[in-house]
Structure formats: C-alpha cells, structure tokens
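Labels below follow one simple rule: chain letters A, B, ... track the order of the sequence lines, proteins then strands, and each chain is numbered from 1. Here the structure is a predicted model, which means the values were calculated and not measured. These values consider heavy atoms only, across backbone and side chains, with no hydrogens, waters or symmetry-generated copies.
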Amino acid sequence: MLDLKFIREHPEIVRDAIVKKNLKLDLGALLELDAKIQAAKKQTEDVQAESNRIAKSIPSADTATRPELIARGKALKTELATLEPSLRDLEAELRGLMLQVPQIPWVGSPVGPDDSGNIETRRVGTPRAFDFAPLDHVALIEKNNWGDLERIARISGSRSYALRGDLALYEQALLRFATQVMLEDDFTFMTLPSYAREEVFVGHGQFPAARDQVFTFENETLKKELINDLKQVSFASESAQQELLNSSIASDRRRDLLEWKELFQNMIKRIESSMGDRFLSGTAEVLLNSLHAGEILELDALPKTYAAISPCFRAEAGAAGRDTRGLIRVHQFNKVEQYVLMAADADQSAAMFDRMLGNSEKILAALELPYRVLEVCTGDMGTGKFRQIDIESWVPSENAYRETHSCSALHDWQARRTGLRYRDADGKPRFGFTLNNTALATPRILVMLLENHQNADGTVRVPLALQPFMGKATLEPSR
RNA sequence: GGAGGGUUGGCCGAGCGGUUGAUGGCAGCAGUCUUGAAAACUGCAGUGGGGGAAACUCCACCGGGGGUUCAAAUCCCUCACCCUCCGCCA
C-alpha cells in the first residue's frame, strides 16, 4: 500500500510503476473514487457535527424546546442512516483498489515484463567439471536409499518428499547451520506457527492477489455434511426460493418450502464456518511481518532483525507439471528466513539489504556451491517490492542455475498494510520499512548439495563448514 | 466439549446512558528549584482524517463488526482473543 496523499500528488509516478510492474490497475478510477469519498466525507461529517451539537444541548435544554431538538436529532439520524453506509461502501471499495497499488520500484531495477528481463549481475564459483558421469539428485537418493519419493507420493500425493538416514539428518544439519550464521549476524532466532488469519496475509501482501497459492484450514466433516444436504435440496438459489415462496401455492407445500428455506440459510452459515478462517503460510515472513502489527515501536527498539524457521506450504497453483520430479518443488518445505523491520530510511534499508544478501552468500560459500546473482526486473518482482535480488545455485543435471534465495526490500509497502509503526526522532508515528531474504530452504538446496558434491561411488561429500553440524564428512548409504 | 469472568490511552487502572477523548497512578517531555542530579512543584502530552497562514476547529476511534437511542466506553447482538473451573489429550 502507498500513502494516498502520495498517489494524489504524484499520479504519474504511480502510473509509471503500474506499467513497469505489468499490472492491470485503473489509477484514474481510484483517484475518481477518492475525490468522491472526500466530498461524501465532508457531507457526512457536517451532519455528524450538527447531530453531536444537538445531542449535547439536550440535557441543558428546558422542557419546552426539548421535543423540538429531539425531533431535529431524529431527522439528522435518518439522514445519517443513508450517508454513513454509502460512505463505508465507498471506502471499502477504495481500500480494495489501494491494496493493488504497487510499490514504486527502485530506479536501478531493470524494467522488463517477466523473468526474461532479469539481469545477471555476478557469478560466484565455477561449475565443477566431473571426471565421471554424475547422477542427478533423484538417482543419488535412490542409489543410497536416502528417501522414499515414490512411496511418499502414494501416501501424501505428488510434490511430497520423505528423506531417510544421512540425508534426513543432513536436512536438519543444514537448517541448524543456517540458523547459526544468522545468530552470528545478531539476528533474533524465532519459531512460529505456519498458519495465520486472513488479515495477516493481507498485511503481508499475498492477499488478495495470490490467494490461490495458499492452502487453507477447512472442516472436512462439515463439508461432507453440506454436500449431503445439497443433494437433498434442489433450489438453485435463494432468489429462486423466494420466488416460490411468493407464488400462490397450497399452504402445506408452502410450509415445506419455509422449512427448506431455513435449512438453506443454515447451510449457508455452515458453509461459511467450514471454509476456515486460517491459512497455511508459504514463508515465516508472513507471520513475522504481523508480529508487531498495530504497535508503535520506540525508535531505539529498531531494527527488529529476525531469523525464523518454519515449515512452509505452497499450493503451487499454476505450476502443474513443472518440476514434478525430485526435490525442487514441493508442497511443504522448511526454511530459515531473514526478516527485518526498521526505520523508514532508504539508505539504511539499502545497507540492510546488502547485509541480508551477504548472509545468504556467506551460507552459499560455506556450502561450496556455485551461484549467480540476478537483479530482478520490475515485471518479475512482486507488486509490493522496492527491489529484489534472486540468487540461483548451480544444478549440474539441469546444466542450469535454479533459484535458492530471494532478497527483497519493500520500503513501507507492507508496513502500511500491516500497521507497523515507530516513533521517529521527533516523536511522530511513522510506518517502518521491511525486508526479507531466504537464509536457507530445504529440500531444494539438497538438490545442489547432492549433485555438486557427489563422489564417483555415489556417496556425497559434506562441506567442511557443515561437518560439525552433520557429524561426518561423507553422506553414506542408508540401509 | 461444558460453565463462568474479562478486553479502556505507552503501561497500570477508574468510569457502567448525557461538557468523558475519557478520573487517578507510573513512565515520557518542558519548566521552577539546584553547581549538577535526585526529590518536590507547575505545565504539556493518545491515534487517524478534514479545514485553517496560525490561533484554533470539525469528524472518527474505549478488542473487531452490527444494533437500540436525540445521545453509547456505558444497553443489546455477534465474532475474536485472554483468564478461571470441569472434561479430554501429545
């Protein structure tokens, strides 16, 4: 979300951002609606002011004028009964549009329509030249009995993974190692649930735009009951029912219909309660971002630097058929996430961005993986992002780099949605800036670690920095 | 799952239909006093939005939403959360 005042004063900048981010949003309609609201607000407030004045004067009024004042109050109340709801509706509509307004991207971000516009800025490390025919990670897992990819698919469905023996331990060691790196940079370690309420996802920015990427809590029992009920009720809609109720039909038939109407309304209620009011988060960032929602933090409490580990859930809608093999793209994975809430200062945010990117690179260096750094273009970065850098690590079997890290600066876009404020040096409440970045996500990183560090005999070398966490130098076959 | 009790400004805590945007205390800021600090005293001080050069002024907000009333922090409904007791349980 942007400051509405800023949008009013700089519509051309916002319009430019909408174009650069390849969004469909009618800024003209938004501004028109805003103007309409301002007028409606003035009108409503004038009536409210008079109403307040009259209500205040009644206790001290004499009995003769009192009925007159009460009558006037009643009239104003009637007037407000139409003004207030319509204002509320307009404001809700505006809020819906405001949620779609993008953050103005950094001037240094390349302009492009999609990931084809991303620019590689650096390569670190050189892909290894194998003196034997290397296996891909799935073959390595099968050869060493390090997982149950096919079995778990039968149990949990596609995009699931199960690890065994050394590889299962390796996943834990990696997460612990990444946590350690974050602790060394003075981040506060946290664990959080992987689920939250709807408004948390709105604050984060994933809702309303990317709602289909998120799994939800639902009540399966209620759903089944409802389906059974639906099979018994043949009405297409409530209006169809109403039509029947209003028609002249025999009274006993009518009573049936009334009973059905009650049943129908009851079902609507239950459908609503079965839909669930909680959602599974795709990253700890979602919850961390709401940790201080609604608070006004003191300046000296900032920055809040958090490293949190959590299971992450992604529906992967729209990715059907892509990366179905192996560990690249799964519905549930684990991640150590970096998240920062800080004062609203562009330079400090840029410095923090570099620091967080540095943490990821430190981890990749320790994992001894070749990677490249991409400056993500305007059309590929999220709506709310100010700047985004992705890191892709080398996958020998694909002869390609694949995304393992994503570092973002949002400036105040998330903070405005979420209500993340602090008192600046003048004591004024201000929205903060937020940033986030992957520290390490498993199991995807295992793809790179297995393939890049495999030995000719199919075992896999553990990088030196990981060995204290793994307790051994080589991953050995599992029984 | 059952039965009660709560949710008020940065924090604590009054108020339970009518100058209450909210008594009081703590913390905060400014001043008096003091060499300085502390203490004491005095004053300022919520959040968001509108108007105004300013003084100032108007609107909304006492967990969220809805309602009753000329008038709601105060009454009613509903949702969320917290606490206590019972039941169940990793």
Side-chain angles (χ1 to χ4, degrees), chain A residues 1-9 33-92 94-96 98 191-193 195-203 216-217 219 221-222 265-266 268-279 287 290-302 304 311 344 412 415-432:
Chain A
M1 202 145 70
L2 294 183
D3 184 0
L4 186 54
K5 259 190 213 152
F6 177 87
I7 299 174
R8 279 178 203 147
E9 285 162 16
L33 183 60
D34 173 47
K36 207 164 146 192
I37 287 171
Q38 284 180 290
K41 210 171 192 174
K42 175 91 178 74
Q43 195 190 353
T44 307
E45 285 183 2
D46 285 347
V47 178
Q48 283 171 331
E50 194 188 345
S51 173
N52 287 344
R53 226 168 14 245
I54 286 170
K56 258 183 201 161
S57 71
I58 286 176
S60 57
D62 56 64
T63 44
T65 51
R66 203 173 263 228
E68 196 183 308
L69 288 169
I70 288 175
R72 179 66 188 146
K74 269 188 181 162
L76 291 170
K77 189 186 171 184
T78 312
E79 212 174 321
L80 281 174
T82 57
L83 287 175
E84 281 177 339
S86 78
L87 179 61
R88 230 179 285 149
D89 290 348
L90 291 173
E91 283 178 328
L94 180 66
R95 163 115 185 136
M98 286 292 288
T191 60
L192 297 159
Y195 54 86
R197 291 180 195 291
E198 180 166 15
E199 64 266 23
V200 171
F201 288 79
V202 173
T216 177
F217 278 26
N219 189 316
T221 311
L222 273 173
Q265 283 167 343
N266 186 275
I268 290 169
K269 250 191 223 157
R270 280 155 62 205
I271 286 169
E272 279 165 1
S273 66
S274 78
M275 293 210 298
D277 61 350
R278 294 183 227 191
F279 302 82
L287 280 87
S290 276
L291 212 53
H292 299 288
E295 297 179 35
I296 302 177
L297 297 164
E298 292 306 321
L299 187 57
D300 60 16
L302 298 177
K304 294 280 185 194
D412 61 358
R416 282 182 184 280
R417 294 176 156 242
T418 314
L420 300 170
R421 292 183 296 172
Y422 69 99
R423 266 178 219 290
D424 68 13
D426 299 326
K428 285 213 171 108
R430 287 192 67 176
F431 290 106

- prompt: Quick one: does A:M98's side chain get under 4.5 Å of A:R417's, heavy atoms only?
  reply: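 When only atoms from C-beta onward are counted, A:R417 and A:M98 do not touch, as no gap falls below 4.5 Å.
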- request: Determine whether A:R278 and A:T216 make a side-chain contact, defined as any pair of heavy atoms from C-beta on separated by less than 4.5 Å.
  value: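 Answer no - side chains too far apart.
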message: Students often get this wrong, so: under 4.0 angstrom with heavy atoms, is A:K74 touching a base, only sugar-phosphate, or nothing?
response: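 Contact class for A:K74: sugar-phosphate only.
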- prompt: When we call it a touch if two heavy atoms are under 4.0 Å apart, what does A:R72 touch: a base, just sugar-phosphate, or nothing?
  reply: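 Nothing: the residue A:R72, judged by heavy atoms under 4.0 Å, touches no strand.
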message: With a 4.0 Å limit, can you tell me whether A:N52 has a side-chain N or O closer than that to the phosphate oxygens OP1/OP2 of B:C59?
response: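 For A:N52, the contact criterion (side-chain N or O under 4.0 Å from OP1 or OP2 of B:C59) is met.
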query: Considering heavy-atom distances to RNA chain B, does A:Q48 or A:K56 have its closest nucleotide positioned more toward the 5' end?
result: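 Final value for this comparison: A:K56.
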field: Near-strand residues of residues 79-92 of chain A, defined as heavy-atom separation under 4.0 angstrom from RNA chain B
entry: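 Close to the strand are A:R88.
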task: Name the closest nucleotide to the A:R197 side chain, picking from B:G18, B:C58, B:A80.
output: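 My answer, after comparing the listed nucleotides, is B:A80.
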Could you tell me how far apart [X] ([atom1]) and [N] ([atom2]) are, to the nearest whole angstrom?
X      : N     : atom1 : atom2 : answer
A:I58  : B:C70 : CD1   : P     : 9 Å
A:E198 : B:A80 : CD    : P     : 14 Å
A:I54  : B:G18 : CD1   : P     : 20 Å

A:E68 atom CD, over 12 foreign heavy atoms within 6.0 Å: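 No.
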field: Residue A:F431 excluded, over 12 heavy atoms near CZ under 6.0 Å
entry: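 Buried by this count: over 12 neighbours within 6.0 Å.
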- line: Its contact letters, B for base, S for sugar-phosphate only and - for none at protein heavy atoms under 4.0 Å, make nucleotides 44-53 of chain B read ---SSBS---
query: Would you say the side-chain atoms of A:S290 pair up with the backbone N or O of A:L287, donor to acceptor, closer than 3.5 Å?
result: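 Not a single qualifying donor-acceptor pair exists.
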- prompt: Can you tell me how far CG of A:L302 sits from CG of A:D424, rounded to the nearest 0.5 angstrom?
  reply: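 If I round to the nearest 0.5 Å, the distance is 11.0 Å.
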Distances for protein N/O vs nucleotides 72-77 of chain B N/O pairs under 3.5 angstrom?
none

